[in-house]
Every structure is written in structure tokens, then in C-alpha cells.
Amino acid sequence: MHTRQHAVVVQVLIKGMNGLRMKPEELFTDVKQEENPDWGYARNCRIALRRQDCEFVQSVFSTGLEDLVGPNRDYPHEGLTVLIDGRNLKFLDAIFFGVKKENRFLRVEGETVKVFPWKAVYEYKAFENGSAVGKVLVEYYLLRKRNCPQLRVCFRTNFAADAIIIKPLVDLRDANGRAEGTEYKVYEREKTLFVEKNGYRLMFSGPRIKSILLGVSEQLWNYKLGSGAREERNGFTVFKNEMRMLLCAGELEIELKKNEAELFLSCRKASELVKKVSMLSLAEYDERNEVLKIQRDLKKFKKYFEKAKQVWGENEAKAISARFIALTKFGIPEFGGVFPEAGGFWFREVWFRDLLEGLYNNFDVYYAIKKRDLKKNVVTGLALQSDGLLPAKVGSAEKSVDAVLLSLLVAMEYLKRSADKKTAALLEEKSAEMLESYSKGDAVKLDETGLLKCPANWGWTDSIYAGMPKRLPVEWIAEMSKKGEEGKKEAFDPKYYLVEVNALWIKCLRELEKLSGKTDWSEIRESAEGVFKKKFLENGFLAHIVSDEFGKGAEESSMALCAYSLLPDLFSKEELNAASRVAEEKLFVRRKGKLFGSLVRNLGKKVFYGDDEYHEATVWPRDNPYLVRLLLAVGERNKAEEILLSNLDHQQTEGVIFYNHELFALPEGRNPASSGTSELVPVKNPIQYWSQYVQPYFDFLDSVK
């Protein structure tokens, strides 16, 4: 099918979404091709195309390279990465292009980008002899053919030109490492460019490649956002930039025929057979299937998108639909199934806590559109438990207890809707194993009151700095440090009560009791409920950590707010309102005047640099599903709505469009931008799974009369 005909077909498909009444423009947002210097370019917008085993990310802003132009990259993790045999490999850094007419380059300037949940179209203006002659559109689409990920780049002009010149920048390596390995091997065969290194191959092909220039060179690139950490430089708070030497892998000349040219990039092992993959019809077929899948998924929740339009307006309804589609883009091959990974870039792997938080807070969404994958996730989460523990991630020696409790809660949600006897039997086996292990107190200790003690880093705020868990209050660390190595060891003993872990524990006990009817669970549950407030409540607010030796951690925390959200019935209306007032005064943080989230810990206004401040005076959207439920429980509907809408605005206006950042720094320090803002600063990873919650929007809309 011809490309223009294909575009019409896609539009018809979108228009006819069985009653969704969506227009094509509702599935994309227009973004200007420009950079935002605020807080060291923290808010620069970018596009992300994501499939099960590959990811393509780049800036919406285009920059120059000699006579060519192409999208910029601010992180060394951007470009085209592919999962092969469990490894996340980077193949391509960027593609620069130029338009030739009568053997000379035209000047090309970036204008806007149409960002779809499944593709992106960059629009440029072309100039000849100083005068504008027309537009150049460059479309990026990620597809798969027989387990061979491919990036399709399509160039279109609305004026007469002869050819597109391509200069690819290659960075073939482990995506999370810097090892250079062996030298590149670059060669041509049958008008196809091959680049090989370390046993992997990147191939450039197309139906109308006229010539390939094999001369290679090196290009140093500065990634100004690095890996999302910051430092003080020349008196300003800026990101730690990273530099890499890239390979300019020759040049390709592609004929413009009927004002169109196409390039296909495929990634695979070098040992695999070379097959031509530059098939226009395959790309069109793949995109039609992708649009149809999106259509089917959207249809199941169309009442919410229509209600969002009524309640909040058309733009917000489009943003929620895009957020929903982006959530479905999380999922990588693992354990013989598909499991949502922790995020983009360096988080393209399964972290069990992140996985289970995402399933727990979006359960109805997954049950409706990914039931088979959900069952595999549930069963695997149960089967991998050993002595009541789960590893932090695949292959990790680090353990967590909250992931186990979330695993049981997700399994029980599944069993409420499914008469699955094998899964029910596995749940019974693993919950009994958990109780036995906790009763023995080997790694997690069930005390005489029914509450749990565990190491200080076994909740979600699990960072370690200078050999000690950052969860511990600073005064406790000071006292422990006086004991030397013995004190450091004590920090990892099962002797700390974590407030959100115990709230999850009680929630889990309640659900186990309902499901099994066993008195074993009810006796422990009644005891734990009876002492929970006494153990954690201090001056009208829950402490996030308690020690028999040191008492209660003083600083207010989002972990406490999550605990209130999990167990609101344990508290009186007055106690919940008091907690809400403390949160408003000590924890809540706003963005553009609207409530956005909560500080993880109230440790005073502190500049975020990196791991030392990771779980302190920062804001993590992963807390927001709990905050929304808590605010609704105490009648603070306006604040709950503000959280949902302010996070939606972040998703649409900064970072990776349609996706959500890992965490946010307070606007403390010195902004390097002369006209900078005092708004929250997105830092660290820009694509985070548990920040991509969708069901809280649907639940809120259900509550609207």
C-alpha cells in the first residue's frame, strides 16, 4: 500500500474507534522544536517509541552536524536500544540528515514535532538561497520482524529535491556500560550498510539507496543531562554532563522518489543470517496492527475518556488516553512471559517492588486488557518467593519484604475475579511459608504484638549511602557509627518497624483472612491492629520508622501518608484530618500552584544532587495513588484532583512526552537559567513505570456525580 494511502487508512481506523469518537489529532500532541534552559535544561522535551524488546528516545530539539541536522540527545542512554538474550544493548545514537538539490545542501530548520504514543513526526522548514521552499517531514516508527527490532525513518518533502543524505552516529555497546570492547567493522553489501562490534550488527537498508560512502570518523558528544544527577559548577546547580566518542559510520544517499525516501535500521546478532528487511508493506502492516491494538484497548475504557472530557476538558481527556497507551508500552520478555520493567534507559529490567506497585495500583486496567500477562506476573511473583522474601530485581541478592506483601495482595485481587484453583493453592502455600519464616525471625521478625521488624532498607526507600541505610534518622546513624563495624551491622538487622511495611502487612492479613477464613490470620491481625497506632503515632502523625532502642523517627514522611491510605479505618475522622493538616504544612509540594505530591521525608529544604538525597526532600510520583485515595477518604477532593491534573501537565509539557519522571527535586540551589522558574525540577530517570499510574484517574472519575 502506498504511504499516503496508508496514512488515510490509519486516520479512518482512528476515527472509527467503535464509538470513541476520537479524531486523529486527539492521539498526538504538538511540541515546538526548542530547548528549555530552565534548571540546566531539566525540562527539555523528548519522544519515546517503546516495544517489548526495544526503545528509541531522542529530543524534540534538532541540532546541526556540518551540513546536516538531526534530533539532539541529552542522556547517553538515548538512541536505539535493544534487549537481546537478557542484555540491554545500545546500537544507534542518532541519525543526522540533509536534503540535496542539484548537488548542494539546502538549509533545514526544525519547527514542530507531532508526538504520537506509537510514532513521532518531525517537521522542518527548508531554505534555498535564503528563501523558504517548503517542508520536510521525518517520521520515526519502531517495529519488529521475526524478533528483529527495526527503526523505520521516512522522509517526505512538499517540494522538488533530489536526495536525502544520512550520517548515522553509532554507539554499539552495553546500554548501561562504557566498555568499548573490540573495534568496529564497517562494510557495504548490496546497497546495505553494516556496522558490527562485539558480536552484534546494526544494518542500514532501504529500497532506494543510491550510494554508500564508507569513510568513518569519530564524533565527541556532550550529553548535558548525563544520568540525571547534579552538582555545583561555577556557582550554579547543574546536571553532571557525560561525554562519549561516537562512530560516524559513513554516509548514505537515498533517492527522493515522489518526494519520499525511507531508511530501515535493524539490530541483531552478527552470527545471524543477513536478510533484507527494508519492506515498506511490512512497516505499514505493523503500524495498522498497532493502531488496531490501541483501538481495542481504548474501547474498554472509553467511558472514562468521555467522562474526562466532560469533567476536565478535551486536552486532559487526550492526555489521559495517551497516558493509558503509554502504560501499555511497559513490558519486556522475562520468565517466559511479559513483565512491566521499572522504566526506560537504565531501568529496562524487572524490579519486583516496582512491578507489583504498578500492578496493585492499576489492577483493573491490567485485568481488562492484559489478563494473560497479569496471571503470569501473579504466579511468578508468588513462585519466586523464598522464606517470605523476594529479590529486589532479577538476579539480585538484595531482598525486600514489601514486594512480598504486594505480591500477595495482587494475587488476592486476581483470585477475587478468577476461579483459579492452582493459583489459589500456590497463594496458600506461599502465605503459610511466609508466616512460618516471619515467626522464626530469621530475616523478618514477627514480634509478639503481630507487627513486623525488618532491616531498615527493606522498604521502598532502600538507598544505602556510606555503608548505612538512608532510611535511618541521622541521629540514629551517628549513635550507631560510634560502634564502628558492629554498629553498621546492626543497621541491617531485622530490628526496625517500618510504617508502610506494617500497614501493608495488616492489609494483607485482612485479605488473607477473608479469602481463607483461617483464625491464624485473624488473631495476628487483631493484635497488630490493636497496637499499630501506639507503636507509630507521635504528636498526631505516624512515624516512618520505629526502633526499640532509639524510639520513633522524628521527620514526617510520605511513607506515613501511604500507611494512612492503606488503613484509614484504624483512625478517627479527627486523626485523619490532623494528619492531613500536618501533611499540608510539612510535606505537600505544589507545581504551578497545584498540589503535585509529597516530600519523601521532611528533612528541610535541601538541594538534590544524587544518591545521598535520593529518598529525602524529593517528590516521587509513585506515592500519588496512595495520596489520592487518602485525600478522597478525608474529603479533600480538590487536592486529589489537583494531584491528578498537575501530574498530567508534567507528562505533556516536560521530559518524555506521555511518560513520567522518576522523581523531582525542590527548586533549591542556584538556577543557571537567567529567566528560570521556581518550580519542581525533574531529575534522574525520565521514564518511570510506577509513576505511570492510570487507574487513580478512572477511580476519581467514578466518584464524580
Side-chain angles (χ1 to χ4, degrees), residues 25 28-49 56-79 93-99 106-117 119-127 130 132-140 153 155-156 169 221-226 228 230 236-239 241 315 318-319 322 344 591-592 648-661 664 667 671-683 686-687:
E25 60 266 24
F28 66 75
T29 185
D30 276 316
V31 184
K32 290 182 180 179
Q33 283 204 45
E34 60 186 19
E35 292 195 298
N36 185 344
D38 194 28
W39 287 104
Y41 298 92
R43 306 188 200 284
N44 275 357
C45 290
R46 47 208 358 95
I47 65 108
L49 309 179
F56 180 67
V57 187
Q58 60 186 8
S59 175
V60 301
F61 171 72
S62 291
T63 187
L65 183 65
E66 299 170 352
D67 294 316
L68 310 180
V69 68
N72 196 25
R73 289 88 51 232
D74 295 320
Y75 302 85
H77 311 274
E78 289 184 278
D93 192 76
I95 292 176
F96 284 82
F97 76 94
V99 182
L106 304 184
R107 182 166 61 87
V108 176
E109 291 183 358
E111 291 199 314
T112 61
V113 182
K114 280 182 168 55
V115 188
F116 292 76
K119 69 178 179 181
V121 183
Y122 286 64
E123 182 176 307
Y124 300 86
K125 184 180 289 187
F127 297 83
V133 294
K135 303 286 188 182
V136 182
L137 300 182
V138 185
E139 178 179 303
Y140 299 87
V153 189
F155 302 87
R156 300 186 184 94
L169 298 186
W221 205 265
N222 175 34
Y223 303 93
K224 53 183 173 286
L225 296 182
R230 302 195 297 176
F236 295 102
T237 309
V238 298
F239 286 89
N241 66 305
N315 288 338
K318 290 189 291 186
R591 177 183 178 276
K592 297 183 180 180
L648 208 59
D649 180 76
H650 152 67
Q651 164 198 304
Q652 297 296 101
T653 61
E654 60 188 9
V656 178
I657 301 298
F658 305 143
Y659 292 89
N660 295 266
H661 256 77
F664 293 76
N671 192 338
S674 58
S675 59
T677 71
S678 295
E679 299 289 352
L680 285 169
V681 184
V683 293
I687 302 175

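- A heavy-atom distance below 4.5 Å is found between the side chains of F155 and V138.
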Show me the donor-acceptor pairs within less than 3.5 Å that the side chains of residues 651-658 make with the rest of the protein, sequence neighbours left out.
residue, atom, partner, partner atom, Å
Q651, OE1, R323, NH1, 2.8
Q651, NE2, A319, O, 3.0
T653, OG1, R591, NH2, 3.4
T653, OG1, D649, O, 2.7
E654, OE1, R43, NH1, 2.9
E654, OE2, R591, NE, 3.4
E654, OE2, R591, NH2, 3.3
E654, OE2, H650, ND1, 2.9

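- Residues K224 and F239 fail the side-chain proximity criterion, which asks for heavy atoms closer than 4.5 Å.
- Checked by atom type, the side-chain pair Y124/S62 shows a donor-acceptor distance below 3.5 Å.
- Relative ring orientation between Y122 and Y140 is described as perpendicular, the plane-to-plane angle rising above 60° on a 0-90° scale split at 30° and 60°.
- Rounding to the nearest 0.5 Å places CG of D67 at 12.5 Å from CZ of R107.
- At a cut-off of 3.5 Å, with distance as the only test, no side-chain donor of T112 or D30 sits close to an acceptor on the other residue.
- From E111, atom CD reaches atom NZ of K125 across 4.5 Å, with rounding to the nearest 0.5 Å.
- Minimum interatomic distance between D38 and G676 (heavy atoms only, all atoms of both residues): OD1-CA, 3.1 Å.
- With contacts defined as side-chain heavy-atom distances shorter than 4.5 Å, the pair F116/L49 does not qualify.
- For the 3.5 Å distance criterion, the side chains of Y75 and N44 fail to qualify, holding no donor opposite an acceptor.
- Residue F97 is tested with V153, L65, V69, L68 for a side chain to side chain contact (heavy atoms under 4.5 Å, CB included); the sole match is V69.
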